[in-house]
Amino acid sequence: MSSIKMNSCNSNNGESKNGTSNSLSSVNHDLGLYFLELARLGSAKAPTEMEEDEEEAPKELNTINSSGGFLFVATDKLSVKYTSVNLHGHDVGVVQANKPAPVKRLLYYFEIYVKDAGAKGQIAIGFTQESFKMRRQPGWEANSFGYHGDDGFLYRGHGKGEAFGPTYTTGDTVGGGINYASQEFFFTKNGTIVGTVCMVKEIKGPLFPTVAVHSLNEEVHVNFGQKKFAFDLKEYEAQERLKHQMTIEKISLPPNISYGLVRSYLLHYGYEDTLNSFDLASKSTVPPIYIAKENGFDEQDIVYALNQRKTLRQLIRNGEIDAAISKLRDWYPQIVQEEKSATCFLLHCQKFIELVRVGALEEAVKYGRMELAKFVELDGFNDLVQDCGALLAYERPQESSVGYLLEESQRDVVADTVNAMILSTNPNMKDLQGCLHSYLEKLLRQLTACCLERRSANGDQGEAFHLHRVLNSVTGLVVLSSIWSRAPPWIQFYQLYSEDSYHLLSFDCWKEILFRGTSDSGMLLKN
Amino acid sequence: MPPFWIVIRQLVEIEEQMATSKKVITREEWEKRLNDVKIRKEDMNKLVMNFLVTEGYVEAAEKFRMESGTEPDIDLATITDRMAVKKAVQCGNVEDAIEKVNDLNPEILDTNPQLFFHLQQQRLIELIRNGKVEEALEFAQEELAPRGEENQSFLEELERTVALLAFEDVSNCPVGELMDISQRLKTASEVNAAILTSQSHEKDPKLPSLLKMLIWAQNQLDEKATYPRINDLSNATLEDPTV
């Protein structure tokens, strides 16, 4: 039996001794806390899952760390010219990008255009490490790769190259890329792939896009993606994804597994009507689907209190919080008896939010003073109390930065909390995690964690898995930015300059209302 | 060499050694990571809705929209039509199914000669099943043979199907599998996929792909680390890592 560990504020609770404690109050308290974080997920201050993958991509050439004297980097930091007469192999004009190639993605790619092949056309494109010796061609030194224009050879790690692709010269566009999924470098000439080469395992650490010129008047322009590439990177990426998808599609699954997981999901969250339709339909499919026994789905625990869970969800989703609380008092008094529990708190917050929604501001203030004030300055609760309070400060709260509170999803969090609490009252519930997460969610968490772990074992290279991205690849971003652009400019101002000062401001307003009893909340709007 | 560099070198060596041996992740560590994962309820709802819609559970999708507030990614009315076609094939009413597909969008069959052939083949199978030998022969000669001339694989399929006529007990003959219910289901799901594609919707639900991806990701990670796996997808139980 596992006990649930929360990275929460609740210090006196900790792990239950010998893991068999069934003291409802402590267990319930813990469970409800899990949802506090979810309740703030919609807030602008909550961490978003997208953030971590943002890496700065190279934008220009590094003018400080380049072999000065032999080459000249133009002021746009994107074109390079060899301005002297080369005498030997150690006066190569090499220049790296200002940043290493980003790794937390499927592909990285950049291009050069050969403006002038100069006296000898000894141009190279490739990747090198930060410590790379300037004045050497990329590929000549250990841990560097380069595709050279004068012989079309690929050099990797030493001065002897190998036949690879065509030569390139004035007027050609040549590209170099890294495919993190297949662990390969690839090079292109005038929009077509010339060849790929395996990345060597020993290469650790950041790789810098690198170009080299080595004879009089050789001149290249670098394109880090500011201009359209000659190579259709999007198409290549789509193909690579398709290839990957094909490998995965070959894996076989136990029969009706998706069906069973969807069914247990509906059971878990108490979507009873959906479940009934689903069951009815699957009886009439050809052939009918029988799952419970053959796949070992254990539904005993989640059929528990299905109808009551459905009723409570409906009430909360309709904003009828009082009715929900009173039903809970009748059916599961143990869930609402602890006044300072997270569940009670979330129900009170939602009641407050519903009052704001219908414009009953004065009543909201009264309710807040009565039910929410006691949570102020309580770790874990404080943030949500502040956000609720901030609702009062706006004429159109749904357009404000705390507008997320008025969204449907917020009601859903409360309904999910109540649902989990009821599941936890089931004496047969063996695993408390089972109250929080459906099987489907557990699998998705496992998938995400595996992908992340695998990436970190690969030196952070490649894409992570985000369910949200899989489901909303483009539309998600569009929606986000449109919400943001609707926010009043002064909120954006506060967000830009000091997120904290903005929150302090609204918190002060809130305190004012709670403790000094300013009954006219309109006054605050004018300030 | 200054002592500082010696220490650095030792550290690098240790790091290299660690990289070659498999990492062990305890259950406790792994559970912490699982807890750090953020999965949105809305996204799971979308995933479930996508399953209901793609698999054609139209009433359940409607109910789920009401109970969870999740909007389906396709007009629910089109599911009903699609399911009617699918059902017609599953019940052996192929003519009916072809008519319904053409009502829905005549381009579907025009642009899918293979699908059209498979539907006609299914129609032939149903005629044979019903003992309408003469009608079956006539249909094969008039409708199917011309298509067989266009395409070698169609011709082979046609020959295989017509062979059914040569046996008295068709269910026990070498090509008896054509008479099986699974043949209907195969044709039905082919039509289903074609209709979905014509509605610019993915023809398969996302959930099975994600489950396959989970199996793949776990197998991949096995090469790098020992960690708690989920072996039984149906109850999502985390198994203790075997060291």
Note, A:Ser409 side chain near B:Lys41 side chain (heavy atom, < 4.5 Å): no
A:Tyr269 vs B:Ser68 side-chain heavy atoms within contact, under 4.5 Å: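 No. Closest side-chain heavy atoms not under 4.5 Å.
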Chain A heavy atoms under 4.5 Å from [X]: which part of the residue, side chain, backbone, both or neither?
X        : result
B:Pro205 : neither
B:Asp204 : neither
B:Met66  : backbone
B:Phe51  : side chain

Aromatic ring pairing B:Phe64/A:Tyr271, orientation class (parallel under 30°, perpendicular over 60°, tilted between): perpendicular
Could you report the tightest heavy-atom contact between [X] and [Y], atom names first, then the distance?
X        : Y        : value
B:Ala236 : A:Tyr439 : CB-O, 3.9 Å
A:Ser258 : B:Pro208 : OG-CG, 3.4 Å
B:Leu47  : A:Leu467 : CD2-CD1, 4.5 Å

Top of B:Gln220, B:Glu62, B:Lys46, B:Glu223 for chain A proximity - count of heavy-atom pairs under 4.5 angstrom: B:Gln220
Most chain A-contacting option - heavy-atom pairs closer than 4.5 Å, from B:Glu59, B:Glu42, B:Met44, B:Arg33: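 Most heavy-atom pairs within the cutoff with chain A belong to B:Met44.
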Distance-only donor-acceptor check, side chains A:Gln446 and B:Gln218, under 3.5 Å: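 Yes, B:Gln218 and A:Gln446 have a side-chain donor paired with an acceptor closer than 3.5 Å.
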Side-chain donor-acceptor pair present, B:Asn35, A:Tyr34, cut-off under 3.5 Å: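 There is no such pair between these side chains.
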Heavy-atom proximity to chain B below 4.5 Å, by part of A:Lys310: side chain
Which atoms of A:Asp416 approach chain B - backbone, side chain, both or neither, heavy atom under 4.5 Å: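 The answer is the side chain of A:Asp416.
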Between atom [atom1] of [X] and atom [atom2] of [Y], what is the distance when rounded to the nearest 0.5 Å?
X        : Y        : atom1 : atom2 : result
B:Ile230 : A:Arg445 : CD1   : CZ    : 11.0 Å
A:Leu275 : B:Glu67  : CG    : CD    : 9.0 Å
B:Leu34  : A:Glu441 : CG    : CD    : 10.5 Å
A:Lys442 : B:Leu238 : NZ    : CG    : 8.5 Å
B:Ser234 : A:Leu443 : OG    : CG    : 9.0 Å

Which of A:Ala449, A:Ala415, A:Ser438, A:Ser252 touches chain B most, by non-hydrogen pairs under 4.5 Å: A:Ala449
Chi angles and distances behind the side-chain contact (heavy atoms from CB on, under 4.5 Å) call for B:Leu211, A:Leu447: CA-CA 8 Å; B:Leu211 297 176; A:Leu447 169 57; over 6 Å; no
Is the shortest distance from a Lys or Arg side-chain nitrogen in [X] or [Y] to a carboxylate oxygen in the other one below 4.0 Å?
X        : Y        : result
B:Lys23  : A:Glu453 : yes
B:Lys63  : A:Glu272 : no
A:Glu249 : B:Lys212 : yes

Candidate list B:Asp43, B:Leu210, B:Leu214, B:Val37, test side-chain contact (heavy atoms from CB on, under 4.5 Å), partner A:Leu444, passing option: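 Per the side-chain contact (heavy atoms from CB on, under 4.5 Å) rule, the option paired with A:Leu444 is B:Leu210, out of B:Asp43, B:Leu210, B:Leu214, B:Val37.
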Test salt bridge (charged side-chain N to carboxylate O under 4.0 Å, His left out) applied to B:Lys38 and A:Glu37, step by step: CA-CA 10 Å; B:Lys38 304 241 180 311; A:Glu37 202 187 318; 3.2 Å; yes
Candidate pair B:Trp216 and A:His244, rule side-chain contact (heavy atoms from CB on, under 4.5 Å), full reasoning: CA-CA 11 Å; B:Trp216 176 84; A:His244 182 232; 3.2 Å; yes
B:Lys224 vs A:Asn458, side-chain contact (heavy atoms from CB on, under 4.5 Å): CA-CA, chis, key distance, verdict: CA-CA 9 Å; B:Lys224 308 270 179 188; A:Asn458 272 343; 3.1 Å; yes
Intermediate values then yes/no, side-chain contact (heavy atoms from CB on, under 4.5 Å), B:Val48 and A:Leu440: CA-CA 10 Å; B:Val48 167; A:Leu440 179 64; 4.0 Å; yes
